[in-house]
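Sequential numbering from 1 along the given sequence is applied to the chain's residues.
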Amino acid sequence: MTCSQAILPGLSNEFTVYEFPLNERIRLFMRLEQLFQQLDHFMEGEAIWDSRAVIATLMDVLALFSRNDLKSEVLKELDRHAAALTKMARAQHPDIDPGKLHRVLGQLDQLSRELYRTPGKIGASLMENDLFKSISQRSSIPGGTCSFDLPAFHYWLQLEDAHRKQCLEEWTRPFQRVRAAIDLLLNAIRNCAEPTEQRANAGFFQRTLDHTIPYQLLRVAIPRSQPYFAEISGGKHRFTVRFMLFDTVQRPVQCPQDVPFLLTCCSL
C-alpha cells in the first residue's frame with residue numbers, strides 16, 4: 001500500500017488519500033512516480049548530502065528499469081488509454097468535455113511517438129557508467145559509499161554545486177519522457193471517477209469488484225485530523241479496507257468505531 005498526499009477531485013487538503021494499485025503495471029508506475037518526486041526534491045538542494053540522496057534515488061530508478069522493460073510497459077498503457085479515450089470521443093458522452101478529451105489524446109499520441117523514436121533500452125548508458133557501477137556494487141553494504149571505499153565518488157562530491165547539478169541533470173534526462181508519460185497516465189486514472197461516501201463498520205470495509213470493469217486503482221480519503229490510517233489489501237476481484245489506530249510504540253489495532261470515508265474505484 002502506498003500513501004499519497006494528492007487530493008481527490010473536489011476535496012480540500014484536509015484529507016489524506018491512501019492509494020492501492022490493482023495490477024502490477026500501475027504498481028510499478030506508482031513506485032517510479034514516488035522516486036521521480038524524490039529526485040525533484042533533492043535536486044533543489046545544494047549540499048553534498050542532497051547530491052548523495054539524488055544518486056541513491058537514481059539507483060532505485062535504475063534498479064526498476066533494469067528489471068522491467070519500462071518503455072514497452074508505458075507504450076502499452078499509452079495505447080490502451082488512447083483506445084479508451086477515442087471510444088469515449090466517438091460516443092460523444094454529454095458529461096465529457098470534448099476539448100479536454102482531444103487535448104489529452106494529443107498528449108498521449110505525442111508521448112507515444114517520442115518513446116517509439118527513443119532507441120534502445122532507456123537508461124542503458126547510465127547502467128554502463130563506471131561511476132554508477134562502482135556505487136551500485138557498494139550501496140548494498142551499510143555505509144558502503146564512504147570516501148575510503150569510493151574515492152572517485154568522493155572526488156565528484158567535492159566538485160562545485162553547479163558542476164554536480166549539471167551532471168545530475170544529464171544523468172536524469174533519459175528518464176524524462178517515461179516520467180511524463182507515467183504522470184499523464186496516473187493523472188488520467190486518478191481523475192476518471194468521482195469519490196463516493198462509504199462507512200466502515202467497526203473499522204472494516206469489504207467490497208467485490210465487477211470483473212467486467214478493468215479497475216486499476218483504489219483511493220481512500222479520510223480527514224487528516226483522525227487518529228487512524230487506512231490499510232488496504234486485495235486484488236482485481238475483491239478488496240478490504242481496515243482503519244487502524246496509529247501508535248508509534250505498540251502494534252496498530254483496528255478502530256472499534258464506524259469510520260466514514262470517501263472511496264474512488266478508478267478504471268479507464
Side-chain angles (χ1 to χ4, degrees), residues 1-42 53 56-57 59-61 63-64 67 139-140 142-143 182-183 185-187 189-268:
M1 182 187 65
T2 61
C3 171
S4 171
Q5 294 302 319
I7 302 301
L8 286 163
L11 293 183
S12 71
N13 59 8
E14 296 176 358
F15 287 81
T16 296
V17 180
Y18 296 84
E19 298 186 326
F20 188 81
L22 293 172
N23 62 61
E24 285 303 314
R25 184 176 294 169
I26 300 304
R27 187 182 300 272
L28 175 60
F29 289 177
M30 290 176 67
R31 292 190 193 282
L32 282 167
E33 177 188 48
Q34 177 174 296
L35 290 172
F36 288 135
Q37 289 171 353
Q38 286 179 213
L39 283 176
D40 284 349
H41 174 79
F42 291 116
T57 305
M59 286 291 170
D60 288 342
V61 171
L64 289 177
R67 296 175 201 152
S139 60
S140 60
I182 287 175
D183 287 346
L185 292 168
L186 290 179
N187 184 62
I189 291 170
R190 286 175 175 133
N191 288 279
C192 69
E194 292 293 327
T196 60
E197 294 182 358
Q198 304 292 337
R199 181 173 294 272
N201 297 322
F204 179 81
F205 180 87
Q206 186 176 60
R207 173 172 288 184
T208 300
L209 292 168
D210 185 344
H211 70 278
T212 64
I213 300 175
Y215 288 108
Q216 296 169 290
L217 181 68
L218 302 173
R219 307 190 83 202
V220 171
I222 54 178
R224 292 175 186 246
S225 59
Q226 298 304 314
Y228 43 75
F229 60 92
E231 189 175 83
I232 309 171
S233 61
K236 60 183 180 179
H237 300 301
R238 184 184 296 106
F239 71 93
T240 61
V241 184
R242 287 182 172 85
F243 292 92
M244 311 296 288
L245 293 170
F246 181 75
D247 195 313
T248 58
V249 179
Q250 300 180 14
R251 185 186 181 95
V253 296
Q254 189 168 306
C255 181
Q257 291 86 30
D258 290 355
V259 177
F261 67 99
L262 293 172
L263 171 69
T264 311
C265 299
C266 306
S267 67
L268 186 64

Partners passing side-chain hydrogen bond (donor to acceptor under 3.5 Å, both in side chains) against [X] (at least two apart in sequence or in another chain):
X: R238; answer: none
X: T208; answer: none
X: Q257; answer: none
X: D258; answer: none

Gap between atom [atom2] of [Y] and atom [atom1] of [X] - 0.5 Å precision:
X: L22; Y: E19; atom1: CG; atom2: CD; answer: 11.0 Å
X: T240; Y: E231; atom1: OG1; atom2: CD; answer: 8.0 Å
X: I232; Y: Y18; atom1: CD1; atom2: OH; answer: 9.5 Å
X: L32; Y: L64; atom1: CG; atom2: CG; answer: 5.0 Å

| If we ignore angles and hydrogens, is there a donor and acceptor under 3.5 Å between the side chains of D183 and N187? |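 No, no side-chain donor-acceptor contact under 3.5 Å.
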Measuring only between side-chain heavy atoms, which start at C-beta, is [X] closer than 4.5 Å to [Y]?
X: L185; Y: I26; answer: no
X: L28; Y: P21; answer: no
X: V241; Y: F20; answer: no

| request: Kindly write out the residues that satisfy salt bridge (Lys or Arg N to Asp or Glu O under 4.0 Å) with R25, not counting sequence neighbours, or none if the list is empty. | output: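 Here the qualifying residues are E73, E77.
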| Results of salt bridge (Lys or Arg N to Asp or Glu O under 4.0 Å) for E197 - residues two or more places apart only |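 Salt bridge (Lys or Arg N to Asp or Glu O under 4.0 Å) check on E197 returns nothing, list empty.
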| said: Between Q37 and H41, is the side-chain contact (heavy atoms from CB on, under 4.5 Å) condition met? List the steps. | reply: CA-CA 6 Å; Q37 289 171 353; H41 174 79; over 6 Å; no
| task | Evaluate the side-chain contact (heavy atoms from CB on, under 4.5 Å) criterion for residues L262 and V17: first the C-alpha distance (whole Å), next the side-chain angles of each, then the deciding distance (0.1 Å), finally the verdict. | result | CA-CA 9 Å; L262 293 172; V17 180; over 6 Å; no
Side chain to side chain contact (heavy atoms under 4.5 Å, CB included) partners for [X], two or more places apart:
X: D60; result: L35
X: D40; result: R179
X: P223; result: F15, S225, Q226
X: C266; result: I189, C192, L217, R219, T264

| task | Only pairs at least two apart or in different chains count here, so list each ring pair (Phe, Tyr, Trp, His ring centres under 6.0 Å) that has a residue in residues 236-268. | result |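 Non-adjacent pairs meeting ring pair (Phe, Tyr, Trp, His ring centres under 6.0 Å): F205-F261, Y228-F243, F243-F261.
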| message | By the ring pair (Phe, Tyr, Trp, His ring centres under 6.0 Å) test, which pairs, at least two apart or in different chains, include something from residues 206-227? | response |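 Residue pairs passing ring pair (Phe, Tyr, Trp, His ring centres under 6.0 Å), neighbours aside: none found.
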| field | Check against side-chain contact (heavy atoms from CB on, under 4.5 Å), N23 and Q216 | value | CA-CA 6 Å; N23 62 61; Q216 296 169 290; 3.8 Å; yes
| Any donor and acceptor pair, going by atom type alone, linking the side chain of T196 with main-chain N or O of L263 inside 3.5 Å? |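 Pair found, side chain donor or acceptor close to backbone of L263.
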| said: Does the Lys NZ or Arg CZ of R242 fall within the cation-pi geometry relative to F229 - under 6.0 Å from the ring centre and within 45° of the axis? | reply: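 No - R242 does not lie over the ring of F229 by the 6.0 Å and 45° rule.
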| Is there a side-chain contact (heavy atoms from CB on, under 4.5 Å) between R31 and F36 once you walk through the steps? | CA-CA 9 Å; R31 292 190 193 282; F36 288 135; over 6 Å; no
Which pair of heavy atoms, one from [X] and one from [Y], lies closest together, and at what distance?
X: S267; Y: P214; result: CB-O, 3.4 Å
X: G235; Y: L209; result: O-CD1, 3.7 Å
X: R224; Y: T16; result: CG-OG1, 3.0 Å
X: A230; Y: I222; result: N-CD1, 4.2 Å

